[in-house]
Amino acid sequence: MVLSNKILQFNYVFKAFVAYIVIHYLELGISLEQKLGLATNWTDWGPVIDTYTNPNLHNEITIGDMNLFYDEDKRIVDGVKLQIKSNPSIQLTPVDYANLDISKPNKSKARVQAVNYAPVVSCIRNTHLLPVFFAANPNYPAKKAKPAKVGAIGLKICFTAADAAAPTADDYRVQQQEGKTEFELPQIADKVGKKLWIICFYLSPTGEAGPDSAPCSVVIV
């Protein structure tokens, strides 16, 4: 049974996030409707992840259902986080940052220049709806740690038919950055048979982007 570490980690983040929002939604500038919606999302999430993590029920259908819920609920949670962070009337406390899983802003005003080389991207595992990629340091290809002066891995993806020509640069869409060089990209069931293309780039601690990698592709199974 192959479980997504990204989904399991999000499960704990989601639980703490919703519990904190339910109690503190007013001071965080969250509407009653948003609070109730998040609570409903968490309630609906429970049976799905219980089935997903049950070895007797873990199959292609439950994996697809779980990835669909993850894709939607993470989008909602990320949107609420951005709403809270962007509200100038809210002064977040250390407890807020911890319970909401929001990173504290970088106080450094000096920009850290990005490295002038790109990672080398490969798909290291491709199980049902769960491709795993590795953005390797071209100078130390077996080393899993990010290079010095690299804060995160940026990525762009797009999908094509399995037999289609390689996409153009304009076809790619930027995704949420990754904190580790090895990362999963859970997919939903309608992507089976499509080819996923991914480009990675290094981001400095202050968000400066380095050059793009060569594209890497894999057919979703």
Side-chain angles (χ1 to χ4, degrees), residues 4-7 9-10 13-14 17 67-87 100-106 108-109 111-126 129-138 144-162 164-192 194-220:
S4 164
N5 291 323
K6 187 173 282 189
I7 289 174
Q9 183 180 12
F10 178 73
V13 170
F14 194 20
F17 183 87
N67 288 5
L68 187 64
F69 268 71
Y70 169 76
D71 188 63
E72 177 65 11
D73 287 327
K74 189 173 188 306
R75 181 188 64 79
I76 292 170
V77 169
D78 287 345
V80 175
K81 286 183 183 180
L82 181 61
Q83 175 185 328
I84 294 170
K85 288 172 63 177
S86 304
N87 190 332
L100 297 172
D101 191 45
I102 293 176
S103 57
K104 294 183 179 180
N106 192 325
S108 173
K109 294 184 179 180
R111 289 187 173 181
V112 178
Q113 188 172 2
V115 296
N116 60 1
Y117 54 89
V120 176
V121 187
S122 59
C123 180
I124 59 174
R125 191 163 62 253
N126 189 26
L129 296 177
L130 191 63
V132 181
F133 296 91
F134 178 45
N137 181 342
K144 286 193 174 182
K146 297 189 295 289
K149 297 183 180 180
V150 169
I153 310 296
L155 60 145
K156 300 182 277 191
I157 68 170
C158 70
F159 293 91
T160 65
T168 67
D170 291 338
D171 295 322
Y172 286 84
R173 295 294 177 266
V174 176
Q175 305 296 299
Q176 186 172 4
Q177 65 190 35
E178 296 287 341
K180 296 181 179 180
T181 58
E182 185 177 316
F183 53 90
E184 304 165 339
L185 287 181
Q187 301 299 312
I188 58 177
D190 66 1
K191 293 296 190 292
V192 171
K194 294 185 180 294
K195 184 175 285 188
L196 167 63
W197 296 80
I198 178 171
I199 289 174
C200 290
F201 50 95
Y202 288 130
L203 290 165
S204 77
T206 53
E208 305 302 307
D212 287 347
S213 71
C216 170
S217 65
V218 63
V219 176
I220 302 300

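Since we're looking at a predicted model, the values are computed, not measured. For reference, positions follow the sequence shown, starting with 1.
- Taking Asp171 as the reference, nothing meets the salt bridge (charged side-chain N to carboxylate O under 4.0 Å, His left out) condition, with sequence neighbours excluded.
- For Val13, the side-chain contact (heavy atoms from CB on, under 4.5 Å) test picks out Lys81, Asp101, with sequence neighbours left out.
- Closest non-hydrogen pair, Val115 versus Pro211, comes out as O-CD, 3.6 Å.
- Phe10 pairs by the ring pair (Phe, Tyr, Trp, His ring centres under 6.0 Å) definition with Phe14, Trp45, Tyr70, not counting sequence neighbours.
- Shortest non-hydrogen contact noted between Val121 and Ser213 is CG2-OG, 3.4 Å.
- Looking at residues two or more places apart in sequence or on another chain, you find a side-chain contact (heavy atoms from CB on, under 4.5 Å) between Ser86 and Leu82.
- Here the closest heavy-atom approach between residue Ala118 and residue Pro138 is recorded as O-CG, 3.3 Å.
- With sequence neighbours excluded, no residue forms a salt bridge (charged side-chain N to carboxylate O under 4.0 Å, His left out) with Asp73.
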- Please lay out, stage by stage, how Phe17 and Ile102 fare under the test side-chain contact (heavy atoms from CB on, under 4.5 Å). CA-CA 10 Å; Phe17 183 87; Ile102 293 176; 5.6 Å; no

- Kindly determine whether Phe133 and Val218 satisfy side-chain contact (heavy atoms from CB on, under 4.5 Å), including the steps that lead there. CA-CA 10 Å; Phe133 296 91; Val218 63; 3.7 Å; yes

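- Remark: Ala161 engages Asp163, Ala164 in a side-chain contact (heavy atoms from CB on, under 4.5 Å) (not counting sequence neighbours).
- Considering CG of Leu155 and CZ of Phe201, their distance stands at 7.0 Å, rounded to 0.5 Å.
- The neighbour count for Gln9 CD, taken as heavy atoms of other residues, nucleotides or ligands under 6.0 Å away, does not exceed 12.
- Counting heavy atoms from C-beta on, the side chains of Tyr117 and Pro147 come closer than 4.5 Å.
- Across Pro205 and Val112, no two heavy atoms sit closer than the pair CD-CG1, 3.8 Å.
- For the pair Ile199 and Tyr172, the tightest heavy-atom approach, listed with the atom from each and the gap, is CD1-CZ, 3.6 Å.
- Applying the salt bridge (charged side-chain N to carboxylate O under 4.0 Å, His left out) test to Arg173 and every residue at least two apart in sequence or in another chain returns nothing.
- When the salt bridge (charged side-chain N to carboxylate O under 4.0 Å, His left out) test is applied to Lys74, the partners found at least two apart in sequence or on another chain are Asp78.
- The side-chain hydrogen bond (donor to acceptor under 3.5 Å, both in side chains) test applied to Ser122 returns no partner, not counting sequence neighbours.
- Taking Ala114 as the reference, Glu208 meet the side-chain contact (heavy atoms from CB on, under 4.5 Å) condition, with sequence neighbours excluded.
- For the atom pair CD of Gln175 and CD1 of Ile157, the computed distance is 4.0 Å after rounding to the nearest 0.5 Å.
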- Assess whether side-chain contact (heavy atoms from CB on, under 4.5 Å) is satisfied between Val219 and Asn126, documenting all intermediate values. CA-CA 9 Å; Val219 176; Asn126 189 26; 5.6 Å; no

Cut-off 3.5 Å, no hydrogens considered: what does the side-chain donor-acceptor table look like for residues 179-189, sequence neighbours left out?
| residue | atom | partner | partner atom | Å |
| --- | --- | --- | --- | --- |
| Thr181 | OG1 | Lys144 | O | 2.5 |
| Glu182 | OE1 | Lys144 | NZ | 3.0 |
| Glu184 | OE1 | Ser4 | OG | 2.6 |
| Glu184 | OE1 | Asn5 | N | 3.2 |
| Glu184 | OE1 | Lys6 | N | 2.9 |
| Glu184 | OE2 | Asn5 | N | 3.0 |
| Gln187 | NE2 | Leu185 | O | 2.9 |

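- Interatomic distance, Ile220 CD1 to Lys194 NZ, rounded to the nearest 0.5 Å: 11.0 Å.
- No donor-acceptor pair under 3.5 Å is formed between the side chain of Ser204 and the backbone N or O of Gln113.
- Within the structure, the salt bridge (charged side-chain N to carboxylate O under 4.0 Å, His left out) test picks out the following pairs touching residues 145-162 (sequence neighbours left out): Lys156-Asp212.
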